[in-house]
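First up is the structure itself, then whatever we jot down about it.
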Amino acid sequence: MLKKGSKLNSILTGTCPRCQEESMYVNQNPYNLNTIYKMHNHCNHCHLHYQIEPSFFYGAMYVNYGLTVAIGVASFIITKILLGLNIETSFIAIIVSLIVLMPVTARLSRNIYINMFVSYDQTAGKE
């Protein structure tokens, strides 16, 4: 499932979508908030330029919106329906989960967005 060449591998690991050999990010830790969006300009292995066009990753905001809605709904279902907590506690759980997972969803949305446009190429970088 997470074998090299799958989109899911590139999305979850944050590696180059074309060759999946190196990370797109300067710092692997998304919770280092100073470098959360700091990316390499291009892949050193296959030379894919990550910023495909100016302001390319603005489109990732829409992906991020979908991810945060899904997390909010999942948090509500877990706290309200499964655990039976009151509505105020459920909303607090939603807010806390969204704040705690914000760095992860920010990077994950960028990974998903670039993988919509770039496919794996096993011959990439082999000159």
Side-chain angles (χ1 to χ4, degrees):
M1 187 151 135
L2 283 181
K3 63 182 178 139
K4 186 175 177 179
S6 69
K7 295 244 184 228
L8 193 57
N9 179 40
S10 176
I11 290 169
L12 294 179
T13 60
T15 55
C16 172
R18 184 186 293 161
C19 69
Q20 297 183 4
E21 290 293 330
E22 72 172 26
S23 176
M24 294 188 293
Y25 300 98
V26 173
N27 187 348
Q28 294 289 327
N29 183 6
Y31 287 97
N32 185 350
L33 299 180
N34 292 330
T35 61
I36 188 171
Y37 294 115
K38 185 94 170 136
M39 296 178 73
H40 298 286
N41 289 329
H42 64 279
C43 176
N44 288 326
H45 188 261
C46 70
H47 307 291
L48 171 69
H49 188 69
Y50 295 132
Q51 185 108 3
I52 295 171
E53 60 185 33
S55 305
F56 174 71
F57 286 109
Y58 283 158
M61 291 187 303
Y62 297 104
V63 177
N64 195 351
Y65 175 75
L67 287 174
T68 56
V69 167
I71 291 169
V73 169
S75 297
F76 181 77
I77 289 172
I78 290 169
T79 56
K80 181 69 177 144
I81 297 173
L82 295 179
L83 298 178
L85 301 175
N86 62 18
I87 197 80
E88 292 86 12
T89 308
S90 297
F91 282 116
I92 290 170
I94 291 170
I95 292 168
V96 168
S97 64
L98 290 178
I99 290 171
V100 167
L101 292 174
M102 187 279 302
V104 175
T105 59
R107 285 227 178 142
L108 199 57
S109 63
R110 280 185 169 213
N111 297 348
I112 291 169
Y113 193 69
I114 195 167
N115 272 280
M116 288 180 187
F117 299 99
V118 180
S119 296
Y120 176 73
D121 181 7
Q122 62 185 354
T123 62
K126 296 179 182 172
E127 288 109 38

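Any value given below was found using the heavy atoms of this structure, including those in side chains, with hydrogens, waters and symmetry copies removed.
Side-chain contact between P103 and L33: present, with at least one pair of heavy atoms (C-beta onward) separated by less than 4.5 Å. T35 is not listed as a side-chain neighbour of V26, based on a closest heavy-atom distance of 4.5 Å or more. Residues L108 and N64 have side chains not in contact (no heavy-atom distance under 4.5 Å, counting atoms from C-beta outward).
Heavy-atom minimum distance, A93 versus T79: CB-CG2, 3.5 Å. Smallest separation of non-hydrogen atoms from Y37 and A106: OH-CB, 3.4 Å. Shortest non-hydrogen contact noted between Q28 and P30 is O-CD, 3.2 Å. Of all the heavy atoms in N115 and N111, the pair that sits closest is ND2-O, 2.8 Å.
Within the model, atoms CD of Q51 and CG of N41 stand 8.5 Å from one another, a figure rounded to the nearest 0.5 Å. Taking CD from Q122 and SG from C46, the interatomic distance works out to 13.5 Å, rounded to the nearest 0.5 Å. With values rounded to the nearest 0.5 angstrom, L48 atom CG is found 5.5 Å from I114 atom CD1. One distance of note links CD1 of I99 with CD1 of I94; it measures 12.0 Å at 0.5 Å rounding. To the nearest 0.5 Å, the span separating OG1 on T13 from CG on L8 amounts to 9.0 Å. One distance of note links CG of N27 with CG of N34; it measures 9.5 Å at 0.5 Å rounding.
Ring-plane geometry between F76 and F91 is classed as tilted, the angle between the planes lying from 30 to 60 degrees on a 0 to 90 degree scale.
With Y31 contributing its side chain and V104 its backbone, the two residues share no donor-acceptor pair below 3.5 Å. Using modelled atom types, no side-chain atom of R18 and backbone atom of V118 make a donor-acceptor pair closer than 3.5 Å.
Under the 4.5 Å side-chain heavy-atom criterion for grouping Ile, Leu, Val, Met, Phe, Trp and Tyr, V96 is not connected to I81 through any hydrophobic cluster. Taking hydrophobic clusters as Ile, Leu, Val, Met, Phe, Trp and Tyr residues chained together by side-chain heavy-atom distances below 4.5 Å, I95 does not share a cluster with V73. Hydrophobic clustering (ILVMFWY, side-chain heavy atoms < 4.5 Å, transitive): V63 and M39 are in one cluster. Put simply, Y25 and I52 are part of the same group of oily side chains (I, L, V, M, F, W, Y) that touch within less than 4.5 Å, one to the next. Using a 4.5 Å cut-off between side-chain heavy atoms of Ile, Leu, Val, Met, Phe, Trp and Tyr, with links allowed through other members, L83 and I92 fall into different hydrophobic clusters.
Between Y50 and F57, the distance separating the two ring centers is not shorter than 6.0 angstrom. Between Y58 and Y62, the distance from one ring center to the other does not fall under 6.0 angstrom.
Among M24, K7, M116, the one residue that satisfies the side-chain contact (heavy atoms from CB on, under 4.5 Å) test with P17 is M24. For the side-chain contact (heavy atoms from CB on, under 4.5 Å) criterion with T15, the lone passing option out of H45, E22, Q20 is Q20.
Looking only at atom types and distance, the side chain of N9 has no donor-acceptor partner in the side chain of S6 under 3.5 Å away.
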### Task
Kindly determine whether I112 and L67 satisfy side chain to side chain contact (heavy atoms under 4.5 Å, CB included), including the steps that lead there.
CA-CA 10 Å; I112 291 169; L67 287 174; 4.3 Å; yes
